[in-house]
Amino acid sequence: MILLDGKKVSNDIKNEIAEQVKKMKANGEKVPHLAAIIVGSDGASLTYVASKVKACEAVGFDSTMVRLSSTTSEVELLDKINELNNNPDIDGFIIQLPLPEQIDTQKVLLAVDPNKDVDGFHPMNFGRMALDMSTFIPATPFGILELLERYDVDTQGKHTVVIGRSHIVGRPMSILMGRKGFPGNSTVTLTHSHTKNITQITSQADIIISALGVPNFLKAEMVKDDAVVIDVGITRVADDSTEKGYRITGDVDFENVSKKASYITPVPGGVGPMTIAMLLKNTLLARERQNK
């Protein structure tokens, strides 16, 4: 069994980006600038955005965090988005989800300039991805592709089963794994909460990508020998034996599934670190596009 080490690969990617930024600075070019809008004070969201800002600093990007109160109206948020859309200094920006209930998330994501949509959530970017055109790929699926590529995991002609159909991970992953090229060229089955006989389907899979958010959902008996297992799930599970009072658990029963898998991602330290690294990569791509 080979561990797909997202922490190591993400550090490699950050080092590669940092080298590119050094060259940009040496050439007198403007360095990439990523902005993040956060509405409210959700602890997990604040931690996540802070880690994105820290990652920007580490590679030499400029970064801006726009903090708005939880009582911010939809109109106020749309005004702020419009401001960032029209600010030539900002190359890309993200809106941290979830948003407060008074705000229509779909309306907000549609308001982002597709050329600055480094999260890859805008329908124009999603459509371009589905048509195999150059675009911003959502960071988590992009990170999974990068892991598969850097570990040279064979995907051609393989049966890939995706568990979960979210717009952020499951659905784009199902499209990307079926595209021409590498990683891709696999036969994809997209499963979800209404899928019947899911064990029968997963036990035939060469590659399983689970993005369900249910701790330890994927058991050893659901996986065939030598399957490739990608665990996107990340859930806090109460655990009094730890200092924080919880532990981070993925969708996969790692202890038992890892005994059967040929490749597997750990949680934490697998897909998670890759997401931030690929957000940086998308921001670099946005800067390069602006230059052109």
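Numbers here simply count residues along the sequence, with the first being 1.
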Hphob cluster co-occupancy, [X] + [Y], side-chain heavy atoms under 4.5 angstrom:
{"X": "Met173", "Y": "Phe121", "answer": "yes"}
{"X": "Ile137", "Y": "Leu148", "answer": "yes"}
{"X": "Val66", "Y": "Val118", "answer": "no"}
{"X": "Val232", "Y": "Phe142", "answer": "yes"}
{"X": "Met278", "Y": "Ile94", "answer": "no"}

Please report the closest heavy-atom contact between [X] and [Y], naming both atoms and the distance.
{"X": "Ser70", "Y": "Gln102", "result": "O-NE2, 2.8 Å"}
{"X": "Ile17", "Y": "Lys281", "result": "CD1-N, 3.8 Å"}
{"X": "Ala55", "Y": "Lys14", "result": "CB-CE, 4.5 Å"}
{"X": "Pro138", "Y": "Gly120", "result": "CG-O, 3.6 Å"}
{"X": "Met274", "Y": "Gly270", "result": "CG-O, 3.6 Å"}
{"X": "Val228", "Y": "Ser262", "result": "CG2-OG, 3.7 Å"}

Inset, instruction - Sort and list the pairs that fulfil salt bridge (Lys or Arg N to Asp or Glu O under 4.0 Å) and have at least one residue in residues 94-120, not counting sequence neighbours. - result: Glu74-Lys107

Inset, instruction - Could you note down all residue pairs passing salt bridge (Lys or Arg N to Asp or Glu O under 4.0 Å) where residues 232-243 supplies at least one of them, sequence neighbours left out? - result: Asp239-Arg247

Legend entry - Criterion side chain to side chain contact (heavy atoms under 4.5 Å, CB included) on Asp12 and Arg150, from CA distance to verdict: CA-CA 10 Å; Asp12 290 346; Arg150 293 196 182 219; 4.1 Å; yes

Does the side chain of [X] reach to within under 4.5 Å of the side chain of [Y], using non-hydrogen atoms?
{"X": "Thr189", "Y": "Thr195", "result": "no"}
{"X": "Thr249", "Y": "Val267", "result": "no"}
{"X": "Phe136", "Y": "Arg289", "result": "yes"}
{"X": "Val21", "Y": "Lys25", "result": "yes"}
{"X": "Tyr151", "Y": "Ile2", "result": "yes"}
{"X": "Ile248", "Y": "Thr235", "result": "no"}
{"X": "Thr283", "Y": "Phe61", "result": "yes"}
{"X": "Ile38", "Y": "Met65", "result": "yes"}

Sequence neighbours left out, cut at 3.5 Å: what donor-acceptor pairs do the side chains of residues 209-222 make with other protein atoms?
| from | atom 1 | to | atom 2 | distance (Å) |
| --- | --- | --- | --- | --- |
| Ser210 | OG | Asp251 | OD2 | 2.9 |
| Lys219 | NZ | Asn216 | O | 2.4 |

Rounded distance [0.5 Å steps], [atom1] in [X] versus [atom2] in [Y]:
{"X": "Gln290", "Y": "Leu285", "atom1": "CD", "atom2": "CG", "answer": "10.5 Å"}
{"X": "Asp231", "Y": "Phe254", "atom1": "CG", "atom2": "CZ", "answer": "9.0 Å"}
{"X": "Thr135", "Y": "Asn125", "atom1": "OG1", "atom2": "CG", "answer": "3.5 Å"}
{"X": "Leu190", "Y": "Thr160", "atom1": "CG", "atom2": "OG1", "answer": "11.5 Å"}
{"X": "His159", "Y": "Ser186", "atom1": "NE2", "atom2": "OG", "answer": "8.5 Å"}
{"X": "Cys56", "Y": "Leu280", "atom1": "SG", "atom2": "CG", "answer": "5.5 Å"}

Would one find more than 12 heavy atoms of other residues, nucleotides or ligands at under 6.0 Å from atom [atom1] of [X]?
{"X": "Lys30", "atom1": "NZ", "value": "yes"}
{"X": "Met24", "atom1": "CE", "value": "yes"}
{"X": "Lys260", "atom1": "NZ", "value": "yes"}

Inset, instruction - Could I get the full list of side chain to side chain donor-acceptor pair (under 3.5 Å) partners for Thr191, not counting sequence neighbours? - result: none

Legend entry - For Asp62, side chain to side chain donor-acceptor pair (under 3.5 Å) partners two or more places apart: none

Residue list, side chain to side chain contact (heavy atoms under 4.5 Å, CB included) with [X], at least two apart or on another chain:
{"X": "Ile175", "answer": "Phe126, Met129, Ala130"}
{"X": "Glu76", "answer": "Thr72, Ser73"}
{"X": "Leu110", "answer": "His122, Pro123"}
{"X": "Asn87", "answer": "Asp89, Ile90"}

Inset, instruction - Answer yes when Glu57 and Lys54 have at least one side-chain N-carboxylate O distance shorter than 4.0 Å, and no when they do not. - result: no

Inset, instruction - Indicate whether the side chain of Thr140 and that of Thr275 have a donor and an acceptor atom separated by less than 3.5 Å. - result: yes

Inset, instruction - Determine whether the side chains of Thr64 and His33 contain a donor N or O and an acceptor N or O closer than 3.5 Å. - result: yes

Inset, instruction - Under 4.5 Å between side-chain heavy atoms, chaining through other members, with only Ile, Leu, Val, Met, Phe, Trp and Tyr counted: pull out the rest of the cluster around Met133, sorted by chain and number. - result: Leu131

Has [X] got a side-chain atom pairing as donor or acceptor with [Y]'s backbone, closer than 3.5 angstrom?
{"X": "Asn85", "Y": "Ala111", "result": "yes"}
{"X": "Arg165", "Y": "Val169", "result": "no"}
{"X": "Asn197", "Y": "Gln200", "result": "no"}

Inset, instruction - Could you tell me which residues satisfy salt bridge (charged side-chain N to carboxylate O under 4.0 Å, His left out) with Lys259, sequence neighbours excluded, listed by chain and number? - result: none

Legend entry - Arg287: salt bridge (charged side-chain N to carboxylate O under 4.0 Å, His left out) partners, not counting sequence neighbours: Asp91

Legend entry - Verdict with supporting geometry, Ile95 and Val39, side chain to side chain contact (heavy atoms under 4.5 Å, CB included): CA-CA 8 Å; Ile95 297 146; Val39 186; 5.6 Å; no

Inset, instruction - Might you work through the side chain to side chain contact (heavy atoms under 4.5 Å, CB included) test for Ile264 and Val252, ending with a clear yes or no? - result: CA-CA 10 Å; Ile264 191 167; Val252 178; 4.2 Å; yes

Legend entry - Pair Asn82-Asp79, side chain to side chain donor-acceptor pair (under 3.5 Å): steps then yes or no: CA-CA 5 Å; Asn82 191 43; Asp79 283 346; 5.8 Å; no

Inset, instruction - Give the intermediate values and the outcome of side chain to side chain contact (heavy atoms under 4.5 Å, CB included) for residues Asp253 and Glu255. - result: CA-CA 6 Å; Asp253 174 7; Glu255 189 182 340; 4.2 Å; yes

